[in-house]
Amino acid sequence: MSVGNEDHLKWVRRAAVAADDKKAIDTLIIDVGDVLAVTDHFVITSAANSRQVNAVIDAIEEEIRVAGGPSPVRVEGKEEREWVLLDYGAFVVHVFRSDLRDFYQLERLWGDRPRVDWTAAIPSNPE
């Protein structure tokens, strides 16, 4: 991939911060690069309802665009707004409605993989 790892991590962290800014719940970043050939990181978060899911995905796309990042290669689930997957290639963002996140427990599936701390990575006002 032609994108530097430093830029990639910047965009991953910005996705997490954008979700948090929209009051997303339990946002985390999982490093899956050593076990998956198709992507390096998962950003997993949830929202209380479908309207908030939509607000979170819009905020993430905008934040990454403003940071000079790519557009998603693929978006799945946007119409249903229950589990939206934003595939950026080097990282994938999963935005769940809370009840579906509890059901699928994606972070439990990847529970043995390291987490990436994002909470102190970007100041609350990066500009």
Side-chain angles (χ1 to χ4, degrees):
M1 185 165 287
S2 62
V3 175
N5 194 41
E6 193 172 307
D7 284 336
H8 157 93
L9 283 173
K10 175 180 74 171
W11 300 326
V12 169
R13 288 182 174 120
R14 283 189 178 261
V17 169
D20 189 62
D21 286 349
K22 289 297 180 183
K23 309 295 185 225
I25 303 162
D26 296 328
T27 302
L28 57 93
I29 300 170
I30 302 175
D31 184 339
V32 295
D34 290 343
V35 294
L36 281 181
V38 295
T39 194
D40 292 329
H41 292 92
F42 285 158
V43 177
I44 302 172
T45 194
S46 52
N49 56 54
S50 296
R51 185 172 25 203
Q52 187 184 15
V53 166
N54 201 53
V56 170
I57 62 172
D58 286 348
I60 290 169
E61 287 183 289
E62 176 67 10
E63 182 64 26
I64 292 171
R65 184 189 65 74
V66 166
S71 296
V73 175
R74 184 179 67 207
V75 177
E76 294 183 13
K78 195 168 186 174
E79 295 299 317
E80 297 84 8
R81 294 179 294 168
E82 295 176 345
W83 177 0
V84 179
L85 183 143
L86 302 171
D87 182 352
Y88 286 91
F91 62 100
V92 176
V93 179
H94 299 268
V95 182
F96 287 93
R97 202 178 62 210
S98 294
D99 58 326
L100 289 176
R101 182 176 182 180
D102 292 342
F103 179 79
Y104 287 106
Q105 298 184 8
L106 194 59
E107 60 265 39
R108 184 173 164 206
L109 177 66
W110 299 101
D112 63 336
R113 303 305 311 146
R115 304 293 201 262
V116 175
D117 181 28
W118 60 269
T119 57
I122 298 175
S124 58
N125 187 1
E127 297 343 300

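If you're wondering where the values come from, they're calculated on a predicted model, not measured in any experiment.
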Taking a hydrophobic cluster as the set of Ile, Leu, Val, Met, Phe, Trp and Tyr residues connected by side-chain heavy atoms closer than 4.5 Å, whether directly or through intermediates, do [X] and [Y] fall within one such cluster?
{"X": "L85", "Y": "I57", "answer": "no"}
{"X": "V35", "Y": "L109", "answer": "yes"}
{"X": "V75", "Y": "W11", "answer": "yes"}
{"X": "I30", "Y": "V84", "answer": "no"}
{"X": "L28", "Y": "V12", "answer": "no"}

Check [X] against [Y] and note the closest heavy-atom contact, atom names and distance.
{"X": "K22", "Y": "A55", "answer": "CG-O, 4.0 Å"}
{"X": "V93", "Y": "A15", "answer": "CG2-CB, 4.2 Å"}
{"X": "K10", "Y": "A67", "answer": "NZ-O, 3.5 Å"}

Hey, what do you get for [atom1] ([X]) to [atom2] ([Y]), rounding to the nearest 0.5 Å?
{"X": "T119", "Y": "D117", "atom1": "OG1", "atom2": "CG", "answer": "4.0 Å"}
{"X": "S46", "Y": "D99", "atom1": "OG", "atom2": "CG", "answer": "9.5 Å"}
{"X": "Q52", "Y": "S98", "atom1": "CD", "atom2": "OG", "answer": "7.5 Å"}
{"X": "R14", "Y": "R65", "atom1": "CZ", "atom2": "CZ", "answer": "12.5 Å"}

Inset, instruction - Indicate yes or no for a side-chain donor-acceptor contact from E63 to the backbone of A16 under 3.5 Å, with no hydrogens or angles considered. - result: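 Side chain of E63 to backbone of A16: no pair is present.
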
Inset, instruction - Applying side-chain contact (heavy atoms from CB on, under 4.5 Å) between H94 and each of I44, L86, D87, report the one that passes. - result: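 It is I44; the other options fail the test.
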
Legend entry - V92, V32, V116 screened by side-chain contact (heavy atoms from CB on, under 4.5 Å) with H41, the one that passes: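 One option only clears the test, and that one is V116.
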
Inset, instruction - Kindly state each residue pair satisfying side chain to side chain donor-acceptor pair (under 3.5 Å) with at least one member in residues 24-35, sequence neighbours excluded. - result: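 Listed once each, the pairs are T27-T45.
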
Taking the side chain as everything from C-beta on, heavy atoms only, tell me whether [X] gets closer than 4.5 Å to [Y].
{"X": "P70", "Y": "I64", "value": "yes"}
{"X": "N54", "Y": "D58", "value": "yes"}
{"X": "D40", "Y": "F91", "value": "no"}

Inset, instruction - Count the heavy atoms belonging to other residues, nucleotides or ligands that lie under 6.0 Å from CD of Q105, then report whether that count exceeds 12. - result: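 Check passes, neighbour count above 12.
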
Inset, instruction - State whether R74 and E76 are salt-bridged, where the test is any N-O pair (Lys NZ or Arg NE/NH1/NH2 against Asp/Glu carboxylate O) under 4.0 Å. - result: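 Yes, R74 and E76 are salt-bridged.
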
Inset, instruction - Output yes when E107 and R101 qualify as a salt bridge under the 4.0 Å nitrogen-oxygen rule, no when they do not. - result: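 Here E107 pairs with R101 in a salt bridge, since their nearest N and O are under 4.0 Å apart.
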
Legend entry - salt bridge (Lys or Arg N to Asp or Glu O under 4.0 Å) between K78 and E61, worked out: CA-CA 12 Å; K78 195 168 186 174; E61 287 183 289; 3.5 Å; yes

Inset, instruction - Quick one: do V53 and E82 satisfy side-chain contact (heavy atoms from CB on, under 4.5 Å)? Show the steps, please. - result: CA-CA 7 Å; V53 166; E82 295 176 345; over 6 Å; no

Inset, instruction - Could you tell me whether the side chains of S50 and R81 share a donor-acceptor contact shorter than 3.5 Å? - result: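 No, no side-chain donor-acceptor contact under 3.5 Å.
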
Inset, instruction - Answer yes if the ring centres of W110 and F42 are under 6.0 angstrom apart, and no otherwise. - result: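 Yes - the distance between ring centres of W110 and F42 falls below the 6.0 Å cut-off.
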
Legend entry - W83 ring center near Y104 ring center (under 6.0 Å):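 Ring-ring flag for W83/Y104: true, centres closer than 6.0 Å.
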
